[in-house]
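Along the sequence shown, residues carry numbers from 1.
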Amino acid sequence: MVSTEVARGEVALSKTAHAAERPGSAARRSRDNRAGLAFAAPFLALFLAFLVWPIAHGVYLSFTGQTLTGAGGSWVGLSNYTEAFADPVMWRSLANTALFTVMSTVPLVLVALAMALLVNLGIPGQWLWRLSFFMPFLLASTVVALFWTWMYNPQLGLVNWLLAPLGIDPVAWLQDERWAMTAVVVTTLWWTVGFNFLLYLAALQNIPEQQYEAAAIDGAGPWRQLFSITIPQLGPTTVLIVILQVIASLKVFDQIYMMTNGGPNGVTRPVVQYIFEAGFTGYRFGYSAAISYVFFALIIVVSLVQLRITARRSA
């Protein structure tokens, strides 16, 4: 009986203590929330100033006739979007961007995988191979563009000099409509494949060695191990690389602008360059903003399709 009363007393004291702690707990949570907001305030300020506000202001500009000089800021409604959808130069620029994306993404995935497999074999001079494969990625776009522009020079370039013993006549790589896009893609491949190579190499080194040992005991040769173990295990990394590469290729601008300026005859002009030209050469900020958001909508669609395909494969 005494023990029961003691137990009841302890429960009552516990309830009283919890009740007494509630105001303090609420005050402590309030202090924690204020402290959290204080820590997040610098990021939120930068986020609003450099992302949310430019996006909102750009949407507003796309419905106006704003020019680079500040004149013509009147409301024009959907006129800019109507003109953009009827603009053959915009559609050609979008087609050039799509062509570059397809031509660059496939080799940037396959070549990076081949390089990673080669290094992962354990050949001598590992540090030298890794450094040489990744080093171009560290170069600035201006350096890469200047270097490859001289490489493609019709009279003095190294590319034509290497092809001459094969009986191939000199080619004006950056001035020929048939080869200009291919030349830019080769430059981009040499420049950026090192990043994908590192991602693949890290993924290869995380594959358990026991899987290869078990496959070898079962009689699987190197090629069978490659297609039955290595490539399936690299599936998530491949999806990541493809997504990153497609996004990067859709935004291409630097190397094309410096190597060909969108030429010859506009065959290499990407949509980002056309947006730049509409705003800063044609002085039409409103129209430039409208093209930007048309392009932005297309990127959203491509991203959603990629996510849908990825979700289906994961399921």
To the nearest 0.5 Å, how far apart are [atom1] in [X] and [atom2] in [Y]?
X      : Y      : atom1 : atom2 : answer
Phe39  : Arg34  : CZ    : CZ    : 13.5 Å
Leu139 : Thr192 : CG    : OG1   : 12.0 Å
Gln210 : Ile217 : CD    : CD1   : 11.0 Å
Met151 : Met259 : CE    : CE    : 10.0 Å
Leu68  : Phe280 : CG    : CZ    : 6.5 Å
Leu108 : Leu189 : CG    : CG    : 5.0 Å

[X] versus [Y]: any side-chain heavy-atom pair under 4.5 Å?
X      : Y      : result
Gln273 : Ser93  : no
Leu113 : Leu117 : yes
Trp148 : Val186 : yes
Ser303 : Ile299 : yes
Phe63  : Val76  : no
Phe100 : Val185 : yes
Met115 : Leu201 : no
Trp91  : Asp87  : no

For the residue pair [X] and [Y], is the inter-centroid distance of their aromatic rings smaller than 6.0 Å?
X      : Y      : value
Phe276 : Tyr257 : yes
Phe147 : Trp190 : yes
Phe195 : Phe134 : no
Tyr81  : Tyr293 : no
Trp191 : Phe137 : no

Where do [X] and [Y] come nearest, in terms of heavy atoms and distance?
X      : Y      : answer
Asp254 : Ser141 : OD2-OG, 3.5 Å
Ala86  : Pro88  : O-CD, 3.2 Å
Thr97  : Ser249 : CG2-O, 4.2 Å
Gln306 : Ile243 : NE2-CA, 3.8 Å
Ala84  : Met90  : O-CE, 3.3 Å
Val89  : Arg269 : CG1-NH1, 3.8 Å

Inset, instruction - Start with the C-alpha distance between Val52 and Ile55, add both sets of side-chain angles, then the distance that settles side-chain contact (heavy atoms from CB on, under 4.5 Å), and finish with yes or no. - result: CA-CA 5 Å; Val52 176; Ile55 290 176; over 6 Å; no
Taking [Y]'s backbone N and O only, do any of them form a donor-acceptor pair with [X]'s side chain (distance below 3.5 Å, no angle check)?
X      : Y      : answer
Ser132 : Trp129 : yes
Thr64  : Trp75  : no
Gln225 : Ala215 : no
Asn261 : Gly263 : no
Asp176 : Arg178 : yes
Thr268 : Gly262 : yes
Asn265 : Val267 : no
Tyr152 : Ala183 : yes

Inset, instruction - Could you walk me through whether Thr188 and Ser104 pass side chain to side chain donor-acceptor pair (under 3.5 Å), step by step? - result: CA-CA 7 Å; Thr188 305; Ser104 61; over 6 Å; no
Looking only at side chains, do [X] and [Y] share a donor and an acceptor under 3.5 Å apart?
X      : Y      : answer
Ser62  : Tyr287 : no
Thr238 : Tyr200 : yes
Gln233 : Gln211 : yes

Please tell me whether [X] and [Y] are part of a single hydrophobic cluster in this structure, the criterion being side-chain heavy atoms less than 4.5 Å apart.
X      : Y      : value
Tyr283 : Tyr60  : yes
Val143 : Met135 : no
Leu244 : Leu110 : no
Leu198 : Leu138 : yes
Val106 : Leu250 : no

Legend entry - Pair Glu83-Ser79, side chain to side chain donor-acceptor pair (under 3.5 Å): steps then yes or no: CA-CA 6 Å; Glu83 181 181 352; Ser79 297; over 6 Å; no
Legend entry - With Trp173, the side chain to side chain donor-acceptor pair (under 3.5 Å) member among Thr187, Asn160, Thr149: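 The option that passes is Asn160.
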Inset, instruction - Please check if atom CZ in Phe253 has more than 12 non-hydrogen atoms from other residues, nucleotides or ligands closer than 6.0 Å. - result: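 For Phe253, atom CZ is crowded (more than 12 foreign heavy atoms under 6.0 Å).
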Inset, instruction - Please determine if Arg284 and Glu277 form a salt bridge, counting it only when a charged side-chain N lies under 4.0 Å from a carboxylate O. - result: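 Not counted as a salt bridge, because no side-chain N and carboxylate O are separated by less than 4.0 Å.
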Inset, instruction - Verify side-chain contact (heavy atoms from CB on, under 4.5 Å) between Thr230 and Leu204, making sure each step is shown before the conclusion. - result: CA-CA 7 Å; Thr230 305; Leu204 282 170; 3.4 Å; yes
Inset, instruction - Please lay out, stage by stage, how Leu226 and Trp223 fare under the test side-chain contact (heavy atoms from CB on, under 4.5 Å). - result: CA-CA 5 Å; Leu226 174 65; Trp223 288 105; 3.8 Å; yes
Inset, instruction - Would you mind telling me which of Asn96, Ile256, Ile275, Leu94 makes a side-chain contact (heavy atoms from CB on, under 4.5 Å) with Pro270? - result: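 Of the listed options, the one satisfying the test is Ile256.
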Legend entry - Chi angles and distances behind the side-chain contact (heavy atoms from CB on, under 4.5 Å) call for Val144, Gln255: CA-CA 8 Å; Val144 173; Gln255 63 268 40; 5.8 Å; no
